[in-house]
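Working notes, beginning with the structure itself.
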Amino acid sequence: MHGVISSVVPNRGFGFITSDDGDEFFFHRSALKATDFEDLAAGVAVEFEVQNSEPGDERAERPRAVNIRLADDAIPAVDNEPLPREKIG
């Protein structure tokens, strides 16, 4: 799936992705593939897979994003802060 980071909580190591379909998915930094957590900030485009449940999940928990990587057209953030528009052209 393709989506964008909607928010990141750097001190807790997690965040949320909004898919192109408008669905929101939780992610943890352990689900990243070939991407540094510090490269993620709101607005950064990513590719990911959806995992429905994991051992220890409660019944009400929603699917989560896994195998997350930067999308081909993504511009990485710096220390979880998006680059200013004038820097990315």
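Between F26 and F14, the distance from one ring center to the other falls under 6.0 angstrom.
No donor-acceptor contact under 3.5 angstrom links the side chains of E38 and N80, judged on distance only.
The residues K33 and E47 are annotated as not salt-bridged, no charged nitrogen and carboxylate oxygen being separated by less than 4.0 angstrom.
Residues V46 and V4 are not in side-chain contact: their nearest non-hydrogen atoms beyond the backbone lie 4.5 Å or more apart. Within the 4.5 Å cutoff, the side chain of R64 has heavy atoms near those of the V66 side chain. With contacts defined as side-chain heavy-atom distances shorter than 4.5 Å, the pair H2/D73 qualifies. Contact check for I5 versus F16: no side-chain heavy atoms found under the 4.5 Å cut-off.
Using modelled atom types, no side-chain atom of S19 and backbone atom of G3 make a donor-acceptor pair closer than 3.5 Å. Side-chain atoms of T18 do not come within 3.5 Å of backbone N or O of G22 as any donor-acceptor pair. Side chain of T35 to backbone of L70: a donor-acceptor contact under 3.5 angstrom is found.
Taking CG of L40 as the start and OG of S7 as the end, the distance is 11.0 Å to the nearest 0.5 Å.
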- When you look at L32 and F37, which way does the side-chain contact (heavy atoms from CB on, under 4.5 Å) test go after all the steps? CA-CA 7 Å; L32 302 177; F37 185 70; 3.9 Å; yes

- Message: Apply side-chain contact (heavy atoms from CB on, under 4.5 Å) to residues F25 and V50 and explain how you reach the verdict.
- Response: CA-CA 8 Å; F25 298 92; V50 176; 3.8 Å; yes

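In the hydrophobic cluster analysis, where Ile, Leu, Val, Met, Phe, Trp and Tyr join through side-chain heavy atoms closer than 4.5 angstrom, M1 is grouped together with F27.
Annotation: salt bridge (charged side-chain N to carboxylate O under 4.0 Å, His left out) contacts of D21 (sequence neighbours excluded): none.
Among all heavy-atom pairs drawn from A65 and A31, the shortest one is O-CB, 3.6 Å. Between I75 and V44, the shortest heavy-atom contact is O-CG2, 3.8 Å. Closest approach of A41 to A77, counting heavy atoms only: CB-CB, 3.5 Å. Nearest heavy atoms, A45 versus A74: O-CB, 3.2 Å.
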